[in-house]
Number of protein chains: 2
Amino acid sequence: MDTVDRKILELLQADASLSIAEIAASVGLSQTPCWKRIQRLEGQGVIERRVALLNPEKLGLGLTVFVSIETNDHSEAWLARFAELVAAMPEVIELYRMAGDVDYMLRVIVPDMASYDAFYKRLIAAIPLKNVSSRFAMERVKSTTALPLDAVTA
Amino acid sequence: MDTVDRKILELLQADASLSIAEIAASVGLSQTPCWKRIQRLEGQGVIERRVALLNPEKLGLGLTVFVSIETNDHSEAWLARFAELVAAMPEVIELYRMAGDVDYMLRVIVPDMASYDAFYKRLIAAIPLKNVSSRFAMERVKSTTALPLDAVTA
DNA sequence: TTTGAAATCGTGCTTAC
DNA sequence: GTAAGCACGATTTCAAA
């Protein structure tokens, strides 16, 4: 993992539809070694997948909610069940287990408040939760999937 | 935007490296009309871009932090400056303006606690903030970029 | 051992039906 | 909407540094 690798990753994070020729030219390599590096990065799992990003507003998915959850049950089994439950809920874009006073944090995307209410009811009916608190987003100011490779030394 | 469009988007959200032939077969269309639909969805901006998703752990980016911010200044000018500032900070993956007691919410990715501390100091030095509260993630349980198209009627 | 040039082969994209 | 053809880009092979 050197500077050239990082440059390649930087480019692919921004636009995965770039051709090998374009990437090779940008990083100052010819096609074959550039292609081999990309293959290696995919093989190593550094590049996990290539996906299409959709515009939520254009699809009528206007509401983003950050949900903080506290639980009484901190067992492995409870988490396993919670994880499985959430995996089956497509509205939940992200779920993190947290340090500190809040146990879990979810990011949820739904069309509107009515849909969120329905989601919320489904969630609290599905599994016992001690406390659930919702914060609603008014505006998406910045949003990216690009990781900060500047900070990376690996 | 019909069932076939949604099916196409569903597939591309999961894997943007799929060939037109594969997508066409999955949705029960031949290649040309399938290709035309994808072109239209891109032209409309429903498909915003195609990107590579990287594995943060393999890059040594192990720490995700949710940062809640309160400000005293609720002017347009303040937000414009804050937005510009944050746009230039690659550690900030997401920034939302919120309803309720918290004004802004950030998701930040850094290698470790020392890097977060450095980021935090840079942030509070750059712009006046009334209150900043950080919640640290211990484990990423679920994480996707796929929007819930089931909920969409548009 | 690693790089670059060229041939192959599978796609995307275009045209005609 | 289907089917056929052209053109381009991704792989592979092979020669050279």
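When reading the values below, keep in mind they use all heavy atoms of this one structure, side chains included, and skip hydrogens, waters and symmetry mates. Here is how names work: the chains are called A, B, and so on, in the same order as the sequence lines, proteins then strands, and each is numbered from 1.
- Atoms CD (E22(B)) and C1' (dG12(C)) sit 13 Å apart, rounded to a whole Å.
- Protein atom CZ of R37(A) is 17 Å distant from nucleotide atom P of dT1(C), rounded to whole Å.
- When the side chains of ILVMFWY residues are joined at heavy-atom separations under 4.5 Å, either directly or via intervening members, I93(B) and V46(A) end up in a single hydrophobic cluster.
- Rounded to whole Å, the distance from CD on Q31(A) to P on dG9(D) is 9 Å.
- Of the possible polar contacts, none joining the Q31(B) side chain to the I20(B) backbone as a donor-acceptor pair under 3.5 Å is found.
- In this structure, the CZ atom of R40(A) is 13 Å from the C1' atom of dT2(C), given to the nearest Å.
- Of the candidate nucleotides dT15(C), dT11(D), dT13(D), dT13(D) has the atom nearest to the side chain of T32(A).
- One distance of note links CZ of F82(B) with CG of D103(B); it measures 9.5 Å at 0.5 Å rounding.
- One atom, CG of L18(A), and another, C1' of dG9(D), lie 13 Å apart when rounded to the nearest Å.
- Contacts of S19(B) with the nucleic acid, taken as non-hydrogen atoms under 4.0 Å apart, involve only primed sugar atoms and P, OP1 or OP2.
- The nucleotide whose nearest atom lies closest to any side-chain atom of W35(A) is, among dT12(D), dC13(C), dG4(C), dT12(D).
- Distance, Q39(B) CD to dT15(C) P: 13 Å, rounded to whole Å.
- Between the P atom of dC14(D) and the NZ atom of K36(A) lies a distance of 13 Å, rounded to the nearest Å.
- One can place CD1 of I20(B) at 11 Å from P of dT14(C), the figure rounded to the nearest angstrom.
- Not one N or O on the side chain of R107(A) forms a donor-acceptor pair closer than 3.5 Å with the backbone of T64(A).
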